[in-house]
Number of protein chains: 2
Amino acid sequence: MADRTSSEDDRRPGRTVGFRPLYRQVRDMFEQRIAEGTWAAGQILPSEMQLASELSVSQGTVRKALDEMTADNILVRRQGRGTYVASHDEKRILFQFFKLTPDDGPLRFPDSVVTEAVRRVALPSERDRLGLTGTDEVVAIERTRSLSGEPVLVERIVAPADALPGIEIGEIPNNLYGLYSERYGVVVVRAQEKLKAVAAGPREAAALGVPEGTPLLAIDRLAWSVDGRPIEWRVSMCLTDRHHYLSDLK
Amino acid sequence: MADRTSSEDDRRPGRTVGFRPLYRQVRDMFEQRIAEGTWAAGQILPSEMQLASELSVSQGTVRKALDEMTADNILVRRQGRGTYVASHDEKRILFQFFKLTPDDGPLRFPDSVVTEAVRRVALPSERDRLGLTGTDEVVAIERTRSLSGEPVLVERIVAPADALPGIEIGEIPNNLYGLYSERYGVVVVRAQEKLKAVAAGPREAAALGVPEGTPLLAIDRLAWSVDGRPIEWRVSMCLTDRHHYLSDLK
DNA sequence: TAGTGGTCTAGACCACTTC
DNA sequence: AAGTGGTCTAGACCACTAG
């Protein structure tokens with residue numbers, strides 16, 4: 001493992017500016033391996049001891065890096081088995097990325113019906129949110145999602161086409177983040193949602209089977225890949241008469 | 001420090017059932033001290049070394065307990081200075097408990113105008129949410145809150161009266177969690193919010209100066225004290241035409 | 001039984017704040 | 001200079017899983 005400053009050859013930290021703990025440098029390396037696909041979603045990592053000796057670092061330093069990444073839901077650790085790159089299975093989606101819960105009854109994964117899927121040049125607003133330029137293309141999807149057979153939300157999803165090369169518009173799975181990671185090695189690890197209450201317009205009203213003007217919960221989500229690139233913009237319009245958005249504050 | 005099982009006298013963990021790491025027992029003790037008021041909000045804790053020798057535990061074990069509590073925003077650590085019980089100053093409220101953000105412009109702390117404050121017997125729904133029984137009393141507050149002079153939300157707050165003994169209905173401060181901790185030693189550390197989109201009724205419409213039926217964001221929050229007791233139920237009806245609820249998913 | 005992560009300890013040194 | 005938290009190391013042992 002190299003020094004943590006830019007110029008010295010020992011382990012002594014430099015001045016206040018630019019100091020970065022060793023375990024964070026280790027974490028950066030691990031995240032880079034995930035971003036590059038060296039470690040794919042669901043795959044097991046080498047053991048702490050192996051990683052430590054590979055990097056010429058103590059096991060405790062490797063552990064601290066792995067613990068941080070586990071706390072951020074990038075890795076999953078299982079005592080006695082090993083450390084794995086967190087995969088986007090339905091359980092993780094429900095736990096981390098799907099906050100719409102039935103008022104009574106258990107959390108469930110919604111069905112999806114795709115109503116539109118196209119590849120086209122990005123609109124200005126999409127370029128803005130996704131950090132695209134000029135003539136960059138996006139994949140745009142619209143779909144309606146149901147819980148227990150009842151439509152609960154309609155959403156529009158936009159992702160940069162170059163991050164998902166050769167994506168087949170025809171076959172959009174229910175679990176998109178699983179597709180991103182399994183097929184394109186793009187691992188979504190973080191998202192930010194902005195929520196508003198809005199009145200249903202004609203399209204939402206028709207798709208959800210409610211009158212125009214019905215209050216809907218609008219969820220505007222931007223999702224980032226492990227390497228920090230914005231990878232998807234999604235706006236969901238949700239019926240909340242029998243569901244709610246669950247947010248834990250701590 | 002005692003053993004971590006219930007019956008043995010050494011440090012050897014027992015069977016799988018009932019095993020609890022030493023650092024969690026240490027954390028439990030620390031949380032108890034906060035709940036009892038031994039360590040009040042804003043107060044500095046003894047140093048890691050002092051705590052370790054007091055409990056006959058290594059510094060590393062104390063550190064792990066303190067780190068966990070810091071991650072949960074119960075403590076604040078400042079290198080070179082010490083470890084403090086997190087106080088409910090405006091900065092913490094904004095960071096942890098107030099998620100309504102202007103669409104453009106910086107996050108700010110809202111003003112409040114109390115429109116009603118009474119002490120009365122708890123309603124059945126309130127007993128249910130707050131874990132009260134029989135003739136337990138509550139303090140109920142209604143207020144309107146503004147950002148930049150514009151009313152953005154109206155909320156109803158209900159708290160068990162016995163947790164806030166002798167609370168003066170007359171003087172309700174803007175920052176309620178600060179009052180709870182400073183005056184009654186009740187430290188709120190966690191909350192859960194359920195969000196829905198609803199139509200403004202006559203009262204909300206009048207208080208917020210919008211037509212009836214305007215979509216509002218309803219935030220139903222239950223807040224817990226450090227000892228796990230539900231300490232406040234709050235329902236906020238928010239105008240989201242120029243603000244949004246910010247939720248980070250990771 | 002072997003190998004993994006999880007806990008606990010002890011000690012050295014660094015970064016930061018205060019006096 | 002002294003005291004705090006932060007980092008890094010090394011080693012022992014425990015809990016859990018799998019063969």
With a 3.5 Å cut-off and sequence neighbours excluded, list the donor-acceptor pairs that the side chains of residues 173-183 of chain B form with protein atoms.
| unit_1 | atom_1 | unit_2 | atom_2 | d |
| --- | --- | --- | --- | --- |
| N174(B) | OD1 | S112(B) | OG | 2.7 |
| N174(B) | OD1 | R145(B) | NH2 | 2.8 |
| N174(B) | ND2 | P110(B) | O | 2.8 |
| N175(B) | OD1 | Y177(B) | N | 3.3 |
| N175(B) | OD1 | G178(B) | N | 2.9 |
| N175(B) | ND2 | H88(B) | O | 2.7 |
| Y177(B) | OH | R221(B) | NH1 | 3.0 |
| Y177(B) | OH | E232(B) | OE1 | 2.9 |
| Y180(B) | OH | E232(B) | OE2 | 2.9 |
| S181(B) | OG | G178(B) | O | 3.3 |

R63(A), nearest nucleotide to its side chain (from dT7(C), dG6(D), dC8(C)):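 Per side-chain heavy atoms of R63(A), the pick is dT7(C).
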Candidates dG6(C), dA15(D), dT7(D) - which lies nearest the side chain of F19(B):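 So the side chain of F19(B) is nearest to dA15(D).
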Which residues pass the side-chain contact (heavy atoms from CB on, under 4.5 Å) test with [X], sequence neighbours left out?
X	answer
S146(A)	P151(A)
R229(A)	L132(A), P160(A), D162(A), A163(A), D227(A), I231(A)
N73(B)	R92(B), F95(B), Q96(B)

Summary of ring pair (Phe, Tyr, Trp, His ring centres under 6.0 Å) pairs that have at least one residue in residues 35-83 of chain A, sequence neighbours excluded: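 Those involving residues 35-83 of chain A are F30(A)-W39(A).
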Ring pair (Phe, Tyr, Trp, His ring centres under 6.0 Å) partners of residues 40-66 of chain B, not counting sequence neighbours, each pair once: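 Output for this query is empty, none listed.
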Spacing of R24(B) atom CZ relative to dC14(D) atom C1', expressed in whole Å: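 So the two atoms are 16 Å apart, to the nearest Å.
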Euclidean distance, atom CG of residue L75(A) to atom C1' of dG5(C) [Å, nearest integer]: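 Interatomic distance, CG of L75(A) to C1' of dG5(C): 13 Å.
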Residues E54(B) and Q50(B): side-chain donor-acceptor under 3.5 angstrom: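 No - no donor-acceptor pair under 3.5 Å links their side chains.
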side-chain hydrogen bond (donor to acceptor under 3.5 Å, both in side chains) against W224(A), all qualifying residues, sequence neighbours excluded: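 Per chain and number, W224(A) pairs via side-chain hydrogen bond (donor to acceptor under 3.5 Å, both in side chains) with no residue.
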Residues from residues 76-87 of chain A lying under 4.0 Å of DNA chain D - heavy atoms: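 The answer is Q79(A), G80(A), R81(A).
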Salt bridge (charged side-chain N to carboxylate O under 4.0 Å, His left out) contacts in which one or both residues fall within residues 73-90 of chain A, not counting sequence neighbours: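 Of all non-adjacent pairs touching residues 73-90 of chain A, those that pass salt bridge (charged side-chain N to carboxylate O under 4.0 Å, His left out) are E48(A)-R77(A), D67(A)-R77(A).
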Salt bridge (charged side-chain N to carboxylate O under 4.0 Å, His left out) pairs, two or more places apart, involving residues 101-112 of chain A: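 For residues 101-112 of chain A, and leaving out neighbouring residues, the salt bridge (charged side-chain N to carboxylate O under 4.0 Å, His left out) pairs sorted by first residue read D103(A)-K196(B).
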Within residues 41-49 of chain A: residues closer than 4.0 Å to DNA chain C (heavy atoms):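 Contacting residues: S47(A), E48(A).
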Watson-Crick and G-U pairing of DNA chain D written in dot-bracket, each distance under 3.5 angstrom, with | for inter-strand partners: ||||||||||||||||||.
